[in-house]
2 protein chains.
Amino acid sequence: MNTLAEENYLKSIYHLSLNTESVSTNQLAALLNTKASSVTDMLKKLAEKELINYIPYQGVTLTASGEKIAVNIIRKHRLWEFFLVEKLSFKWDEVHEMAEEMEHISSNELIDRLDKFMGYPKYDPHGDPIPDCEGKFKTHDLKPVSAVNINTDGIICGVRDHSVAFLQYLEKQELTIGKKITVTDIIEFDHSMILQMENKTIQISREVANSLLITL
Amino acid sequence: MNTLAEENYLKSIYHLSLNTESVSTNQLAALLNTKASSVTDMLKKLAEKELINYIPYQGVTLTASGEKIAVNIIRKHRLWEFFLVEKLSFKWDEVHEMAEEMEHISSNELIDRLDKFMGYPKYDPHGDPIPDCEGKFKTHDLKPVSAVNINTDGIICGVRDHSVAFLQYLEKQELTIGKKITVTDIIEFDHSMILQMENKTIQISREVANSLLITL
DNA sequence: TAATAAATTTAGATAAGTCTAAATTTATTA
DNA sequence: TAATAAATTTAGACTTATCTAAATTTATTA
Ligand SMILES: [Mn+2]
Ligand SMILES: [Mn+2]
Ligand SMILES: [Mn+2]
Ligand SMILES: [Mn+2]
């Protein structure tokens with residue numbers, strides 16, 4: 001159907017589209033660790049296949065069929081991550097690279113059965129929503145901890161930074177999905193925050209607070 | 001490490017080596033559905049990497065490191081097939097193509113954990129042995145049904161033909177792995193055989209008898 | 001608004017893996 | 001054993017996905 005490279009481009013365009021209206025060549029080059037000229041070549045190919053709307057110099061958006069493919073790849077990625085953590089006991093910081101390969105296994109029947117086998121999970125190990133077999137999913141209303149006021153509490157439901165370093169840090173602090181926290185104080189000087197957890201109090205930096213997402 | 005194409009060549013050389021001392025260019029071209037000239041190019045590359053012993057015009061054998069890689073790919077293939085049948089309820093005729101893709105997922109940690117998750121199975125859904133994480137496995141002593149005498153009985157433990165058509169035929173006749181059969185008669189004219197099964201008697205052609213493997 | 005900088009595309013090259021057609025080597029057979 | 005056939009390799013081309021360097025377009029700023 002589509003090559004591995006094409007799938008990775010579509011997925012990247014999808015992710016970048018969540019923040020900006022139209023995605024630029026340089027944004028893609030940065031995310032895909034490639035050069036702008038390589039991106040241009042691929043954009044022409046994807047436009048030819050009508051998977052993206054491409055206006056030279058003006059950036060790209062996904063067409064309906066391009067988006068469908070992108071969401072399906074993300075569904076596969078997140079279901080495999082769930083499988084690796086829930087069934088094979090990997091930690092949440094270990095699964096992304098493996099899922100990058102597994103998301104390209106082509107069979108949809110396989111992924112639908114995997115979904116069923118795991119009981120149709122709604123969120124992956126990082127709190128990201130898993131699209132169902134129709135491509136539908138709902139994001140819950142998330143806020144970075146850095147955006148809430150003193151004495152607000154919430155449940156950790158996601159992260160903005162998926163790096164191994166960040167995930168390992170959170171794990172160590174027990175700041176994992178599902179945990180309840182209350183912001184008890186904010187240090188004016190550097191905006192670090194004091195969090196009250198079930199069994200302890202910890203302090204986190206502004207950077208961490210920015211990348212830790214909660215529901216109120 | 002190695003490309004997908006390289007892995008497929010190594011695996012094919014391994015499989016063909018089970019029947020012949022040295023594997024020829026044309027044998028590989030036929031199995032891999034490609035042209036002899038393409039095979040020659042790849043053989044040069046694999047020889048360069050010291051994964052095969054290649055003498056132009058004389059065929060190839062695997063080196064120790066080439067064989068290790070081939071066995072690891074086969075381990076992955078068979079473990080994923082087992083997973084698909086045992087955990088996701090696919091039929092034994094449906095899993096080969098999916099496993100052809102999944103065998104290239106690179107992580108060995110992943111496959112070792114999958115192995116553990118499934119209880120270290122010794123045989124795949126077609127009766128083929130699954131190498132352990134060291135690459136070791138034992139084939140049981142198999143004979144085609146066509147090679148046994150009247151009134152011999154045995155347990156179905158494998159197949160020589162992995163085609164969908166053959167597997168579906170066997171499934172329909174309940175000639176599946178683990179079933180006990182007794183050869184009660186052999187028709188001289190066309191060498192078809194009468195098999196006594198637990199709850200019925202059936203007749204199979206010589207072709208079928210040739211591809212159905214039992215232990216005595 | 002003209003000059004400069006930044007972003008993007010084009011041109012031309014490279015590597016992997018494949019192909020067809022031609023040349024070469026090995027095997028068969030008259 | 002010389003001619004013929006079969007198997008294999010070589011030569012040259014093509015596709016996909018990359019790259020660097022140069023040209024072009026768009027954005028910024030003096
Ligand atoms: Mn991921
Ligand atoms: Mn994830
Ligand atoms: Mn198989
Ligand atoms: Mn098998």
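We name chains A, B, ... by the order of the sequence lines, and we start the count at 1 in each one. Because the structure is predicted, anything quoted here is derived from the model rather than measured. Atom set for the values below is all heavy atoms of this structure, side chains included, hydrogens, waters and symmetry mates excluded.
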Engineer: Using a heavy-atom distance cut-off of less than 4.0 Å, which residues of residues 98-105 of chain B contact DNA chain C?
Structural biologist: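 Per residue number, the list is empty: none.
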Engineer: For a stem of at least 3 consecutive Watson-Crick or G-U pairs with distances under 3.5 Å, i pairing with j, i+1 with j-1 and so on, which stems involve DNA chain D?
Structural biologist: C:1-30 with D:1-30
Engineer: Which residues satisfy the side-chain contact (heavy atoms from CB on, under 4.5 Å) test with B:N33, sequence neighbours excluded?
Structural biologist: none
Engineer: What donor-acceptor contacts under 3.5 angstrom involve side-chain atoms of residues 127-135 of chain B, with partners at least two apart or in another chain?
Structural biologist:
| from | atom 1 | to | atom 2 | distance (Å) |
| --- | --- | --- | --- | --- |
| B:D128 | OD2 | B:H162 | NE2 | 2.8 |
| B:D132 | OD1 | B:E134 | N | 2.8 |
| B:D132 | OD1 | B:G135 | N | 3.0 |
| B:D132 | OD1 | B:K136 | N | 2.9 |

Engineer: Can you sort out the partners of A:E86 under side-chain contact (heavy atoms from CB on, under 4.5 Å), two or more places apart, ordered by chain and number?
Structural biologist: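 side-chain contact (heavy atoms from CB on, under 4.5 Å) list for A:E86, sorted by chain: A:F82.
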Engineer: Does any pair with a residue in residues 50-70 of chain B pass salt bridge (Lys or Arg N to Asp or Glu O under 4.0 Å), and if so which ones, sequence neighbours excluded?
Structural biologist: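 For residues 50-70 of chain B: none.
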Engineer: Listed by chain and number, what are the salt bridge (charged side-chain N to carboxylate O under 4.0 Å, His left out) partners of B:E94, not counting sequence neighbours?
Structural biologist: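 Counting only residues at least two positions away or on another chain, B:E94 forms no salt bridge (charged side-chain N to carboxylate O under 4.0 Å, His left out).
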Engineer: Is a side-chain donor-acceptor pair under 3.5 Å present for B:H96 with B:H126?
Structural biologist: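 No, B:H96 and B:H126 have no side-chain donor paired with an acceptor closer than 3.5 Å.
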Engineer: Who are the salt bridge (charged side-chain N to carboxylate O under 4.0 Å, His left out) partners of A:E109, not counting sequence neighbours?
Structural biologist: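 Listed in chain order: A:R113.
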Engineer: Is a donor from one side chain sitting under 3.5 angstrom from an acceptor on the other, for A:Q168 and A:D93?
Structural biologist: yes
Engineer: Where along residues 8-17 of chain A does a heavy atom fall under 4.0 Å from DNA chain C?
Structural biologist: none
Engineer: Listed by chain and number, what are the salt bridge (charged side-chain N to carboxylate O under 4.0 Å, His left out) partners of A:D161, not counting sequence neighbours?
Structural biologist: none
Engineer: For nucleotides 6-11 of chain D, just jot down a letter per nucleotide in 5' to 3' order: B, S or -, based on protein non-hydrogen atoms under 4.0 Å.
Structural biologist: -SBBB-
Engineer: Under the rule for salt bridge (charged side-chain N to carboxylate O under 4.0 Å, His left out), what residues qualify as partners of B:E207, not counting sequence neighbours?
Structural biologist: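 With neighbours one apart ignored, the set is empty.
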